[in-house]
Amino acid sequence: TCGGLGPPCRVGESPQQVFWRKGCVPFYVNELGSVDFEGGLSKELLSVVKTSFEEWNDIEESGFHTEFAGLTNIRDSGDFDGNVVAWRDDEWPYASVTALALTIITFDSDGGEILDADIEFNTLIHDFSIDEEPSLGQVDFQSTLTHEVGHFIGLDHSSEREATMFGRSPQGQSKKRTLHADDIEGYIEIYPSKKRSECGARPDFLEAPSEGGCCATYSMSKRSPGFIYFMILGLVFFRIRDRRVLENPED
């Protein structure tokens, strides 16, 4: 929540691990997909999305898991919009134009509880592939998403070069589809309980795609939300409500 690559800790403030308090977290996929893939959101693309999340769910030593909850017309990241995976074909409004993808986490800055997480892909700049072997110049979508799911659940970048959570990935590399022991160790550290719970009911406004867009209003508690922006390439950004901003190279 503060310190390290994040915003400086205030006087008397100590860094807290960000984490999901509930044992099962639903996620949604934008119904449009991307022009990078034939058919936009094809069955093949949706299958790869699910597989990337399942790679983490298959860690037997932990009961925490994510669950595909359906499609949505929500495309942009925002506060409490239901944990969305989306693609940006038309614009990339973030500082690092070379970033492959971005995971935005909204968390309680006092205790570290994650309240919302969204994953966006930079399809404006990069050409992603879901083929078994990406062509020259293409980025392996599954490897990238598996990395971003690690951020989604609360992991930062790893210093282990072979780990899925290592912060850089060359074009065409597909080995990060499979987790490294370092990734698994980090996951279990955050979620040591083996008890598996049900995801429960999902928000009504995300039940299915709808015409003309949708919106939802949430009442804010006394918790002070913060934001962490994770990128697989380029820079790492951290921002909280008082607009403190810190940008650091990701070497």
Side-chain angles (χ1 to χ4, degrees), residues 1-10 12-27 50-68 83 85 101-119 142-169 175-200 223-233 236-240 246 248 250-251:
T1 56
C2 68
L5 293 177
C9 293
R10 298 187 178 98
E13 184 182 15
S14 59
Q16 303 291 322
Q17 167 69 52
V18 294
F19 67 101
W20 290 98
R21 188 174 301 279
K22 46 194 175 183
C24 178
V25 176
F27 68 92
K50 294 177 181 178
T51 298
S52 296
F53 278 87
E54 283 300 317
E55 180 67 17
W56 294 93
N57 287 343
D58 287 343
I59 298 176
E60 296 180 353
E61 296 86 344
S62 175
F64 175 83
H65 61 292
T66 57
E67 183 177 283
F68 173 62
N83 311 323
V85 176
L102 173 72
T103 296
I104 300 176
I105 296 179
T106 306
F107 63 92
D108 175 0
S109 59
D110 290 331
E113 179 184 357
I114 299 175
L115 308 174
D116 181 84
D118 301 297
I119 299 174
Q142 185 174 336
S143 288
T144 307
L145 180 53
T146 305
H147 174 100
E148 295 302 322
V149 174
H151 291 320
F152 181 100
I153 63 177
L155 289 172
D156 201 344
H157 286 134
S158 171
S159 59
E160 170 57 60
R161 298 189 66 88
E162 297 303 311
T164 294
M165 294 312 297
F166 185 68
R168 295 183 180 274
S169 179
K175 67 179 181 180
K176 290 186 177 181
R177 298 175 183 178
T178 304
L179 300 182
H180 182 275
D182 186 69
D183 304 308
I184 297 173
E185 182 179 348
Y187 186 92
I188 298 171
E189 178 71 22
I190 305 176
Y191 307 105
S193 174
K194 291 186 178 182
K195 181 180 179 180
R196 181 155 291 214
S197 59
E198 297 296 327
C199 257
R223 293 181 294 183
S224 173
F227 297 87
I228 299 182
Y229 293 67
F230 286 117
M231 289 190 177
I232 194 173
L233 283 179
V236 182
F237 298 85
F238 298 80
R239 181 165 66 108
I240 62 175
L246 181 67
N248 290 294
E250 192 194 86
D251 294 330

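Source: prediction; values computed, not measured.
The CZ atom of Arg177 sits 8.5 Å away from the OG atom of Ser52 when rounded to the nearest 0.5 Å. Rounding to the nearest 0.5 Å places CD of Glu60 at 10.0 Å from CD1 of Ile184. The NE2 atom of His147 sits 4.0 Å away from atom CE of Met165, with the distance rounded to the nearest 0.5 Å. To the nearest 0.5 Å, atom CG of residue Asn57 and atom CD of residue Glu67 are 9.0 Å apart. Residue Ser193 holds its OG atom at 12.0 Å from CD1 of Ile188, rounded to the nearest 0.5 Å. Summarising the geometry, atom CZ belonging to Phe64 is positioned 7.5 Å from atom SG belonging to Cys24; distances are rounded to the nearest 0.5 Å.
Shortest non-hydrogen contact noted between Ser158 and Asp182 is OG-OD2, 2.6 Å. Nearest heavy-atom pair, Cys9 versus Ser14, reported as atom, atom and distance to 0.1 Å: SG-C, 4.4 Å. Between Thr1 and Asp108, the closest heavy-atom pair is CG2-O, 4.3 Å. Heavy-atom minimum distance, Val18 versus Gly154: CG2-O, 3.8 Å. Pairing each heavy atom of Gly63 with each of Arg196, the nearest pair is O-NE, 3.4 Å. Thr146 and Glu55 make their closest contact through CG2-CG, 4.1 Å (heavy atoms, listed as atom of the first residue, atom of the second, distance).
A ring-ring contact (aromatic ring centres under 6.0 Å, His included) with Phe152 is found for one member of Phe53, Tyr187, Phe19 and no other, namely Phe53. When each of His180, Lys175, Lys176 is checked for a side chain to side chain donor-acceptor pair (under 3.5 Å) with Glu162, only Lys175 meets the rule.
Counting only distance, with no hydrogens or angles, the side chain of Asn83 and the backbone of Pro26 share a donor-acceptor pair below 3.5 Å. Under a 3.5 Å cut-off, the side chain of His65 and the backbone N or O of Trp56 do not form any donor-acceptor pair. A donor-acceptor pair under 3.5 Å is absent between the side-chain atoms of Asp183 and the main chain of Ala163, judged by distance alone. Under a 3.5 Å cut-off, the side chain of Thr164 and the backbone N or O of Thr178 do form a donor-acceptor pair.
Within 6.0 Å of the CD atom in Glu54, the count of heavy atoms belonging to other residues, nucleotides or ligands exceeds 12. More than 12 heavy-atom neighbours from other residues, nucleotides or ligands sit within 6.0 angstrom of CD on Gln17.
Within the 4.5 Å cutoff, the side chain of Ile190 has no heavy atoms near those of the Ile153 side chain. The side-chain heavy atoms of Phe27 and Ile119, taken from C-beta on, include no pair separated by under 4.5 Å.
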Checklist entry - For His157 and His151, what are the C-alpha separation, side-chain angles and deciding distance, and is it a side chain to side chain contact (heavy atoms under 4.5 Å, CB included)? => result CA-CA 8 Å; His157 286 134; His151 291 320; 3.2 Å; yes

